[in-house]
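Worth saying up front: this structure is predicted, and the values here are computed from it rather than measured.
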Amino acid sequence: MSEEKLLFSTIACPNCHGRSTVLMPTHACIIVWVCPNCSVELKPKTGDCCVFCSYGNRRCPPFQQEHAQNRH
């Protein structure tokens with residue numbers, strides 16, 4: 001049984017608290033994301049690979065894949 005990656009994440013902007021649901025790329029990390037509500041440019045927090053891992057309600061697909069492989 002294979003685990004399905006979750007491809008949508010809701011990013012919460014720390015500046016305006018707006019939320020946007022975004023389709024995450026499956027083979028890349030997004031390191032810059034511009035909030036559609038306030039236009040602030042978000043970058044990953046120290047230690048995170050991308051904006052989804054820092055501000056999203058789900059980690060990015062590459063992170064999900066890496067951790068799924070580590071469980072086996």
Next item on the list: Could you check if a side-chain atom of Pro44 sits within less than 4.5 angstrom of a side-chain atom of Cys53, using non-hydrogen atoms only?
Entry: no
Check: So, for Pro61 and Leu6, which heavy atoms are closest and what is the spacing to 0.1 Å?
Finding: CG-O, 4.4 Å
Check: Does Arg58 reach the main-chain N or O of Phe8 with its side chain, forming a donor-acceptor pair under 3.5 Å?
Finding: yes
Item checked: Contact summary for Met24 and Cys60, nearest pair of heavy atoms -> SD-CA, 3.7 Å
Item checked: Nearest-0.5 Å distance that lies between atom OH in Tyr55 and atom CZ in Arg19 -> 14.0 Å
Check: Between Gln64 (side chain) and Arg59 (backbone), is there a donor-acceptor pair under 3.5 Å?
Finding: yes
Notebook entry, point to check: Does some side-chain heavy atom of Val40 sit less than 4.5 Å from a side-chain heavy atom of Pro14?
Noted result: no
Next item on the list: Given side-chain contact (heavy atoms from CB on, under 4.5 Å), test Phe63 with Asp48 step by step and report yes or no.
Entry: CA-CA 10 Å; Phe63 181 93; Asp48 286 340; over 6 Å; no
Next item on the list: Locate the shortest heavy-atom distance separating Val51 from Ile11; write the atom from each residue and the value.
Entry: CG2-CD1, 4.3 Å
Note to self: Measuring only between side-chain heavy atoms, which start at C-beta, is Cys49 closer than 4.5 Å to Pro62?
What the structure shows: no
Note to self: What verdict does the side-chain contact (heavy atoms from CB on, under 4.5 Å) test give for Cys35 and Asn15, after you've listed the backbone C-alpha separation in whole Å, the side-chain angles of each residue and the deciding distance to 0.1 Å?
What the structure shows: CA-CA 9 Å; Cys35 176; Asn15 185 58; over 6 Å; no
Notebook entry, point to check: What is the minimum heavy-atom distance between Pro36 and Ser20, and which atoms define it?
Noted result: CG-OG, 3.3 Å
Note to self: Quick check against the 3.5 Å criterion: does Thr10 have a side-chain atom that pairs as donor or acceptor with the backbone of Asn57?
What the structure shows: no
Next item on the list: Evaluate the side-chain proximity of Pro25 to Ile30: yes if any heavy-atom separation is below 4.5 Å, no if none is.
Entry: yes
